[in-house]
Amino acid sequence: MSGDTPLSPSTIAVTAGRPAHDPDAPLNVPITMASTYVAGGDLEYGRYANPTWTALEETLGALEGGRCLSFASGMAAVTTVLDLVAPGGRVVAPRHSYSGTIMQLADLEARGRVRAELVDLTDTDAVVRACEDAALVWLESPTNPALEVADIATITAAAHEAGAYVVVDNTFATPLLQTPLADGVDLVVHSATKYLAGHSDVLLGAVCTRDDELFGVLKNRRDLQGAIPGAFEAWLVLRGMRTLHVRVERAQTNAQELVGRLADHPALSEVRYPGFGAIVSVVLAQGALAADLLTQKTKLWVHATSLGGVESTLERRRRWKGEAPTIPEGLVRLSVGIEDVDDLWRDLRTALDGCVG
Ligand SMILES: *Cc1c(COP(=O)(O)O)cnc(C)c1O
C-alpha cells in the first residue's frame, strides 16, 4: 500500500485510533478507568487525558480532517465553543438552529454575555450582511428540524473578511457527507449522541479544528470547566463509529426511498428533504392534532426525541416549548433508521392513512 494515498473515510472509520499491531495487543482500545496516572508522564490526571478519549478523538479528527476534543455532550461542546466569544461580542446564528443552541444563546444574551443575531440561513445575502462586526458565525447545515442548507463557502469567506470565527454544527450531515474544515470553516461541532454513536444509548459531544491555537484554548477550557466524557461513553461512541459509513449509507438510501413514496400522500402538505442524509421532515396538512396522532399510530417507528440511531424514530417538534415558533405546528421530524424500507413504509403509510382529513 502506498503511504501517500489518502485512506477513504470508510477505512478511517474502521481502522483509526487502534492500538499498534503488536503480538497480543488488543484490537480495540481498552476502556481506561483511571482518575489519575503514575506521575512523570503526559497524562497526569483523569480530567486532562484518557487513552480511550484519545482513540475516539483520533478517529473523528481523521474523518473531519482536523484535531478533535471530546466533551460530555453535544451541548457541552456547543457551550465551550460559544465561550470563545469575548464579553459583548456578536454571534450570528440560524434562527432554526438546534433548540438547545438557541436557548443557550438566549441565556447568554439575557446575562449580557454575548449579543445574538438570528438569521434566515436560506437568505445568504442577509447572512453575509450580518457577518459584519460578528465575532462568531454559527452555522448548522442542514438545520434541525427545518432542514435548510447553508452556503458554507460564501458565508465563511464573508465571516473571515469580518474577522469572525465560523463554526458548523455537523451533527446531521456527519463527516461522511460534509467536511466543513476543508471549506475553511474554523470549528466543527458534533452531538456524537446522534449518528456517530448511532445506537441511542450514550451522550457525547465533540469539537474539531485545524487551528492549533484554537485547539489549545479549547483544551484548556475543557481541562478547567471539566465537561469531559466518561471513558465508557467514549468507548461506546468509538464502537459505534466503526459502522458509521454502513449505517449512514443504509439510512440515507431508506430516507431517499421514503421521500419518493411520501411525496403525494394526502395527509401531508409538505415533505422536506435536503437531498442527503437520513432526516426527513413532513408537515401534516391537518396540523398539530394530526401530527400527534401520527406519532401515536406507528408501531415500528418509535415516538421519541433525538435522532441518528439504527432505529427509526419520529417526533412532532413543536411539542417542545423551546422550538422556534416559525417551525410549523404540524411538522413531524422523521429519523430514518436502517430497518427494511418496505416494513418502514407500510407502518408509516398505515399511520398516515389514519391522519387524512
Ligand atoms: C442533539 C443536538 C445537539 C445537542 O447534543 P446533546 O448530545 O444532546 O447535548 C446539538 N446540535 C444538534 C444539531 C443536535 O441535533
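Worth saying up front: this structure is predicted, and the values here are computed from it rather than measured. Remember, it's 1-based here, ligands and their atoms both numbered in the order they're listed.
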Report, one line per pair, each donor and acceptor closer than 3.5 Å where one atom sits in a side chain of residues 50-57; sequence neighbours left out.
from  : atom 1 : to     : atom 2 : distance (Å)
Asn50 : OD1    : Thr52  : N      : 2.7
Asn50 : OD1    : Thr52  : OG1    : 3.2
Asn50 : OD1    : Trp53  : N      : 3.4
Asn50 : ND2    : Thr32  : O      : 2.9
Thr52 : OG1    : Pro30  : O      : 2.9
Thr52 : OG1    : Thr32  : N      : 2.9
Trp53 : NE1    : Pro229 : O      : 3.1
Thr54 : OG1    : Asn50  : O      : 3.1
Glu57 : OE2    : Ser70  : N      : 2.8
Glu57 : OE2    : Ser70  : OG     : 2.7
Glu57 : OE2    : Arg222 : NH1    : 2.9

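Under 4.0 Å is where a charged nitrogen must lie from a carboxylate oxygen, and between Asp223 and Lys219 at least one such pair does. At a threshold of 4.0 Å, the pair Glu315-Arg333 counts as salt-bridged, since one of the basic side-chain nitrogens sits closer than that to a carboxylate oxygen.
Residue pairs satisfying the side chain to side chain donor-acceptor pair (under 3.5 Å) criterion with at least one member in residues 81-100, sequence neighbours excluded, are listed as follows: Asp83-Arg113, Asp83-Gln225, Arg90-Glu117, His96-Glu148, His96-Thr326, Ser99-Arg317. Sequence neighbours left out, the pairs with a member in residues 272-292 that pass salt bridge (charged side-chain N to carboxylate O under 4.0 Å, His left out) are Glu270-Arg272, Asp292-Arg316.
Of all heavy-atom pairs between Leu293 and Gly354, the closest is CD2-O, 3.5 Å.
For ligand 1, the protein residues within 4.0 angstrom (heavy atoms only) are Ser73, Gly74, Met75, Tyr98, Glu140, Asn144, Asp169, Thr171, Phe172, Ser191, Thr193, Lys194.
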